[in-house]
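One structure is given below, encoded as C-alpha cells.
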Amino acid sequence: MTNPKVGIYCRLSEEDKNKQSAADDSNSIQNQKSMLIQYALDQGWDIYRIYSDDDYAGADRNRPEFKKLLSDAEHGKIDVVLCKTQSRFTRELELVEKYIHGLFPVWGVRFVSIVDNADTDNKGNKKSRQINGLVNEWYLEDMSDNIKSVLTNRRENGLHIGAFALYGYKKDPEKKGHLLIDEEAAEVVREVFTLFSQGYGKTAIARMLNDRGIPNPTEYKRLCGLRYRQPKSRQSTLWKYFAISDMLVNEIYIGNMVQGKYGSVSYKTKKNKARPRNQWYIVEGTHEAIIDRELWNKVQALIAERAKPFSTGEIGLFARKARCIHCGYAMRSHKMSDGRRYLCCSNRHVSKDACEGAFISAAKLEQAVVDEINSLSAQYLDKDELEERIEFQNHLAEQKKRLEKDIAAYRKKAAEYATCIRKLYLDKIKEIISESEYLDFSKEFTSEKERAEALTLDAEKHLADIEVKIQSADNRRQLIEQYTHLEKLDRETVDKLIDYISVGRRISGTKDVPIEIHWNF
C-alpha cells in the first residue's frame with residue numbers, strides 16, 4: 001500500500017508580520033514549513049507539494065495557492081491537507097463547513113492541523129473544529145469593526161488613509177496622513193484644468209497628453225516606484241476620458257480631503273459599492289491646493305453648463321453601465337446630426353490603435369435589453385415556482401431573530417457599564433479608591449459603554465433594514481411583475497436590474513452586435 005500524499009499549506013498574513021520581532025520567528029512561513037514537513041515525515045506521508053500564501057488574510061478566498069490546493073484535492077492529487085492551525089486554512093466558518101466537513105470527505109481527503117489537534121479522521125473532535133471556526137469568524141468580525149472604527153476616526157479628522165496619494169500629490173514623510181504637492185504631476189493637473197476652462201473637451205485633452213507621451217496616473221505611480229495595481233482590463237499607459245472627467249470634479253485639488261466614496265459590502269469580500277455623497281467624509285483645508293478657487297469655480301460652471309440629458313433624466317440611460325467588450329472601458333454617448341444617439345468606446349478616440357472600438361445605437365441597445373427582460377420575466381412568470389426560483393432575500397427571519405438577540409445583549413452590557421460607573425463614583429466619594437484610579441477605571445468603563453451603545457444603534461439600523469426587506473419579500477411576485485411587458489427603459493430600472501453591459505463591434509457582413517448583459521440578480 002502506497003503512503004498517503006500530503007499537501008502542506010502555509011499562510012502568513014500582514015498582521016503576522018507586524019507582530020514579529022527580530023527574535024520572534026514563530027509565525028514565519030519558514031517555521032511553519034519546518035514544523036509541518038517534520039510532522040509529515042514522522043507520520044510516514046509523502047509530501048506532494050507545499051502550498052504557501054504570503055501576505056494574505058484568512059478571510060481571502062482568492063489566495064492563489066489556497067485555490068491550487070483545493071483544485072489538487074478535488075482532482076485526487078493529494079490524500080491529506082496539513083496545516084499548522086485550522087485558521088491558517090481559513091478563518092471563515094462557512095468554508096470550514098464547505099470544505100473540511102463537506103467536500104473533503106467526498107473527495108477522500110483528510111484534514112489535519114497539528115497545533116489545535118483538528119483531524120477529520122477523529123470523529124470526536126468535529127465539534128472542536130466547528131468551535132474553532134466560530135471563534136475565528138468572531139475574530140474576523142471584531143477585527144473588521146475595530147479597523148473600521150479607527151479608519152472612520154482618521155477620515156473624520158481629515159487624515160489621508162489611502163495606500164497611495166491622489167495624482168498630483170505625495171505622502172508627507174514627516175507627517176502621517178498629510179499630503180504634499182508633487183510638482184511634476186501637479187503641473188499636468190493645472191494644465192488639464194486650464195485647457196478645459198479654455199474650451200477643450202475631455203477626450204481632446206486626453207489625446208493631447210497622450211500625443212506628448214505624458215504617462216497617465218497609473219503609469220506615473222509605477223514609474224515612481226510605487227506598487228500600484230489595477231485590474232488587467234484597466235492596465236494601460238494612456239489617458240482616458242474618465243481620468244480627465246474625474247480629475248475635474250475632485251475637491252482634493254482645492255485643498256479639501258474627500259474620502260469614503262466607496263464602502264465595503266462585507267468583511268468577507270473585497271467588493272466595494274459607491275456611497276451617496278452625504279456619506280462621504282469631507283474636511284476642508286487639510287492640505288495645500290493645486291487649483292485656485294477662481295479656476296475651480298469656472299471649471300465647475302462649465303461642467304454644469306455642458307451636462308446634457310440623455311434618453312431619460314439627467315443621467316444617461318446606460319451611463320457607466322455600457323462597457324467595451326474589448327478593453328473594458330465605459331462607452332460614451334454621442335448625438336448624430338439626425339438626432340439619434342449612439343454609444344462608442346471612449347478608448348477609441350484617446351490614441352491611435354488604443355482599442356478596436358465597440359459601437360452600437362442607443363435605441364438598439366435599449367431594445368435588446370427590453371427584449372431580454374421581457375423574455376426572462378415571461379420565463380419565470382409562466383411557472384408557479386417563481387418564489388422558489390428567484391430569491392430576493394435569504395434567511396431574513398433568522399437574521400432578524402439574531403439581531404434582536406444581539407441588541408438585547410448590547411443594551412444589557414451598556415446598562416452594566418453604566419452601573420459600574422455609578423458604583424465607581426460612590427467608591428471615589430467614600431475614598432475607597434483614589435482620584436487617579438477613578439479616572440482610569442471610569443475612562444475604560446465609559447469607552448466600553450459607548451462601544452456597546454454604538455453597536456446597539458448599528459444593530460437597530462440593520463434590523464430596520466431587515467424588516468423593510470421582509471415586508472418587500474412578502475410582495476416579491478408583484479415586484480417582478482412590474483418589469484413585465486416593458487416597452488421603454490428608465491434609469492431607475494437599469495440601476496436596479498443591471499450590473500453592466502458588455503458591447504462589441506458589429507460582426508462583419510451582418511447587423512448583429514455582440515451584447516452581454518450582466519444582471520444584478
Side-chain angles (χ1 to χ4, degrees), residues 1-137 139-140 143:
M1 184 177 178
T2 59
N3 293 334
K5 291 175 293 182
V6 60
I8 291 176
Y9 181 72
C10 307
R11 178 179 65 81
L12 182 68
S13 69
E14 187 62 35
E15 181 191 6
D16 295 326
K17 289 182 178 181
N18 292 340
K19 288 180 180 178
Q20 291 182 155
S21 64
D24 180 14
D25 194 40
S26 62
N27 283 319
S28 72
I29 288 289
Q30 292 79 9
N31 182 267
Q32 288 182 52
K33 288 179 181 177
S34 299
M35 178 191 298
L36 297 172
I37 290 171
Q38 186 60 52
Y39 184 88
L41 294 175
D42 290 344
Q43 301 300 314
W45 297 338
D46 292 335
I47 298 174
Y48 174 75
R49 178 175 169 175
I50 298 175
Y51 307 80
S52 180
D53 282 315
D54 197 356
D55 191 14
Y56 284 91
D60 190 343
R61 300 187 180 195
N62 292 315
R63 291 169 269 158
E65 288 293 282
F66 177 73
K67 292 169 72 175
K68 176 63 177 172
L69 170 75
L70 295 178
S71 176
D72 287 349
E74 181 179 7
H75 291 92
K77 296 181 180 179
I78 54 180
D79 305 303
V80 181
V81 171
L82 179 64
C83 303
K84 178 185 174 184
T85 63
Q86 183 174 299
S87 64
R88 294 290 146 182
F89 179 75
T90 181
R91 287 192 180 275
E92 291 190 71
L93 182 58
E94 180 185 343
L95 295 190
V96 171
E97 293 299 321
K98 180 177 180 179
Y99 291 108
I100 297 179
H101 297 151
L103 292 174
F104 280 3
V106 174
W107 298 338
V109 174
R110 177 183 176 187
F111 178 83
V112 177
S113 59
I114 59 179
V115 172
D116 45 12
N117 297 314
D119 186 347
T120 51
D121 267 10
N122 181 354
K123 305 299 181 184
N125 72 5
K126 181 177 181 180
K127 286 186 174 62
S128 175
R129 295 193 299 272
Q130 290 173 323
I131 290 171
N132 284 342
L134 187 59
V135 169
N136 287 324
E137 186 86 15
Y139 169 81
L140 283 176
M143 183 170 64

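We number each residue from 1, following the sequence as shown.
The structure places CD of Gln32 at 8.0 Å from CZ of Arg11, a figure rounded to the nearest 0.5 Å. If you take CD1 on Ile78 and CG on Asp46, they are separated by 13.0 Å, rounding to the nearest 0.5 Å.
Between Phe89 and Tyr99, the two ring planes are perpendicular [angle over 60°; tilted spans 30° to 60°].
Between Ser52 and Glu65 the shortest heavy-atom distance is O-CG, 3.2 Å. Scanning both residues, Leu12 and Arg88, for their nearest heavy atoms gives CA-NH1, 4.2 Å.
Ser113 places no side-chain N or O within 3.5 Å of a backbone atom of Cys83 that could act as its donor or acceptor partner. Side chain of Asn3 to backbone of Trp45: no donor-acceptor contact under 3.5 angstrom is found.
Two residues are said to be in side-chain contact when any heavy atoms from C-beta on lie closer than 4.5 Å; Val96 and His101 meet this criterion. Residues Thr90 and Arg63 have side chains in contact (heavy-atom distance under 4.5 Å, counting atoms from C-beta outward). In this structure, Asp119 and Arg110 have side chains that are in contact, with non-hydrogen atoms separated by less than 4.5 Å.
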Anything under 3.5 Å between a donor and an acceptor, one on a side chain of residues 66-77, the other on a protein residue two or more places apart or in another chain? List them.
residue, atom, partner, partner atom, Å
Lys68, NZ, Asp72, OD1, 3.4
Asp72, OD2, Tyr51, OH, 2.7
His75, ND1, Ser71, O, 2.7

Less than 3.5 Å apart, which donor and acceptor atoms pair up between the side chains of residues 35-43 and the rest of the protein, not counting sequence neighbours?
residue, atom, partner, partner atom, Å
Gln38, NE2, Asp42, OD1, 3.0

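Side chains of Tyr9 and Asp53: a donor-acceptor N/O pair is present below 3.5 angstrom, by distance only.
For Thr85, the side chain to side chain donor-acceptor pair (under 3.5 Å) partners are Ser87, not counting sequence neighbours.
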